[in-house]
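Accompanying notes for the structure given below.
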Amino acid sequence: GRSCALSASPHAAGAGPGPGENQTTAIIDVNPPRGTRDFPPDDMRLRTWLFHNFREVARLFAFEEVDFPVLESEALFIRKAGEEITEQLYSFEDKGGRRVALRPELTPSLARLVIQKGKSVSLPLKWFAIGQCWRYERTTRGRRREHYQWNMDIIGVPGVAAEAELIFSIVTLFKRLGLTASDVGFKVSSRKVLQAVLQCYSIPENLFGEVCVIIDKMEKVPLSEIEKKLTSIGISLEAIKGLVQVLSLKSLPQLEELLGAAGDAVADLKQLFILAEQYGYSQWIHFDASVVRGLAYYTGIVFEGFDRQGNLRAICGGGRYDKLLSTFGGDDIPACGFGFGDAVIIELLKDKGLLPMLTHTVDDIVFPLDLELQGPAAMVASTLRQKGRSVELVLENKRLKWVFKHAERINASRLILVGDSEWQRGMVRVKNLSTREEQDLKVDELE
Ligand SMILES: OCc1cccc(Br)n1
């Protein structure tokens, strides 16, 4: 019998294909879990480019980056307003018997951190985050179960100047990506419009969130379904008529006529449009009373970015949520913010031919002409790296033909050959791969 198991070739007959042999079916499923994505280099370059633009806009607006665990207590997201986002919560019980969830959004975590920081942070806070968010959607719809969201939030500013600044930060991002006011725009409204209508039909405040979530589906499901749902939570048919009427308004004067100039709804919106005019982005936004957004916690201005062609789902959305922190037991701190997903924007840029051409490039490829020169080649690579150059060090004994091909594949600018005769004179052979120029240089002359 064999002296030791180690000497037994793992590829004794029947053990399946060995490395390099063409595998017909992999042993494990090499695809990511349903509804999730891998980011191989090409896709990762595009994602990094997008996130770099998010971060650059946040820097221009003096926002500070924050982050939170992707796993949160389930309690953070339990809301009784029938929101899709909480109904599709990716939650489970951990080994400690705790109810936990993969976050479906970032705002509750941000609220939690602000409360945790309490008096140790001074308001206003301008925080941003880019985080992966999750939902457990029935596979029937074959939709994604994760996406990355850029969030920008202003905490502690009660006036609509905060919303005006947030919307302008998104306009700034759109411009950086090459989009104009003819490509995209923002529908803007205020939940105080709905609040005013519910008050005049004396509908209890505690139904406000639920009504908003139902109304948010106005353009997605038949009106009869909306009416049925509203009736089922006790809203009178008369009130429903009033709601439907106010949601079809398309101008502020119309709204003023209906609600009167007194209410904050009209005052907030007027002020916001004045500020937009002063920022110079009036042509990017318009009042649309049908914008409600599907999150229960918004209390004031709400907005959503959309593609004017009307082919895609909302690009981003946000609004004021003045009560969220107090519902978590924190102080009554005003807040507003938005979420901007990583999927619709890429679809839009694709449609507009605005996707950037991003290639993997390196500055230098270093190749020892024979194995004894591996050490010197590594030193040359290290010298170049210390000067900030990206260096591909060839790690195996390859033929020169392969090295040239590889240099082309990785878009190297220079090929540095470490050869015996040159090395004896402390030199290396440098080939500029675009000009074809060739020269011997001392190692420390390289830059
Ligand atoms: O915006 C709704 C949402 C939340 C989590 C994950 C995905 Br994909 N979509």
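Indexing begins at 1, ligand by ligand and atom by atom, following the structure's order.
The distance between the ring centers of F174 and F186 falls below 6.0 angstrom. Y148 has its ring centre less than 6.0 Å from the ring centre of F51.
Contact detail for L249 and F287: the closest heavy-atom pair is O-CE2, 4.0 Å.
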Stepwise salt bridge (charged side-chain N to carboxylate O under 4.0 Å, His left out) test for E105 and R293: CA-CA 14 Å; E105 53 169 333; R293 298 301 295 162; over 6 Å; no
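Residue, atom and distance of the protein heavy atom nearest to atom 2 (C) of ligand 1 are R135 NH1, 3.8 Å. Of all protein heavy atoms, the one closest to atom 4 (C) of ligand 1 is P104 O, 3.5 Å. Among protein heavy atoms, atom 1 (O) of ligand 1 sits closest to H147 CE1, 3.6 Å.
In this structure, the side chain of R320 engages the main chain of G159 through a donor-acceptor pair within 3.5 Å.
Residue contacts with ligand 1 for Q149 are absent, since no atom lies close enough (heavy atoms, distance under 4.0 Å).
Proximity to R144 (heavy-atom distance under 4.0 Å) selects the following atoms of ligand 1: 8 (Br). Numbered from 1 in the order shown, with element, the atoms of ligand 1 that lie under 4.0 Å from a heavy atom of C133 read 5 (C), 6 (C).
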